[in-house]
Amino acid sequence: MAEPGSRKYVGSAFVSVNREMRERLRKRVQEHAGPAPKGMKKRPATQWVKQGIKARVKHLKGEEDLRHATLQDFWDED
C-alpha cells in the first residue's frame, strides 16, 4: 500500500474480502503486475503492482506505517 499523493510505501494489508471481490482483485493484480519500487528491499510472497488501483484499508491509527491493516474495498484510479 502506498500513501496517496506521495506514493510512499506505508505497508501491506491482509485481504479480508468476500470470494467475488478476492477473485476480482487477483485478476487486477495479475493485469497490473510490476516491479518493486526503487530502493525497496525484496519481500517474500509480495506481488507488486503498478499504479492504478486505489483501496480502502482499515488500520490502527497513530503510526507512520500501516499496522494490522485489512483491505476493505478497491477500485481503478481515475
Task: Nearest-0.5 Å distance that lies between atom CD1 in Ile53 and atom CD in Glu31 - done: 8.5 Å

Open item on the list: Nearest 0.5 angstrom please: Arg28 CZ to Met21 CE, how far?
Closed with: 13.5 Å

Open item on the list: Which heavy atom of Gln47 sits nearest to which heavy atom of Ala33, and what is that distance?
Closed with: NE2-CB, 3.4 Å

- [ ] Taking all heavy atoms of Lys50 and all of Gly34, pick out the closest pair and write down the distance.
- [x] CG-CA, 4.0 Å

Task: Linked, directly or transitively: Phe14 and Val29 (ILVMFWY side chains, under 4.5 Å) - done: no

Open item on the list: With rounding to the nearest 0.5 angstrom, report the NZ to CG distance, Lys54 to Asp76.
Closed with: 11.5 Å

TODO: Compare every heavy atom of Ser12 with every heavy atom of Ala69, then report the nearest pair and how far apart it is.
DONE: CB-O, 3.6 Å

Task: Nearest non-hydrogen partners of Trp48 and Ala36, listed with the distance - done: NE1-CB, 3.4 Å

- [ ] Answer yes or no: is there a side-chain heavy-atom contact under 4.5 Å between Leu71 and Leu25?
- [x] yes

Task: Approximate separation, where rounding is to 0.5 Å, of Arg19 CZ and Arg26 CZ - done: 10.0 Å

Open item on the list: So Arg24 and Val17, do their side chains get closer than 4.5 Å, heavy atoms only?
Closed with: no

TODO: For the pair Ser16 and Lys58, evaluate side chain to side chain contact (heavy atoms under 4.5 Å, CB included) and give the outcome as yes or no after the intermediate values.
DONE: CA-CA 10 Å; Ser16 60; Lys58 184 177 179 180; over 6 Å; no

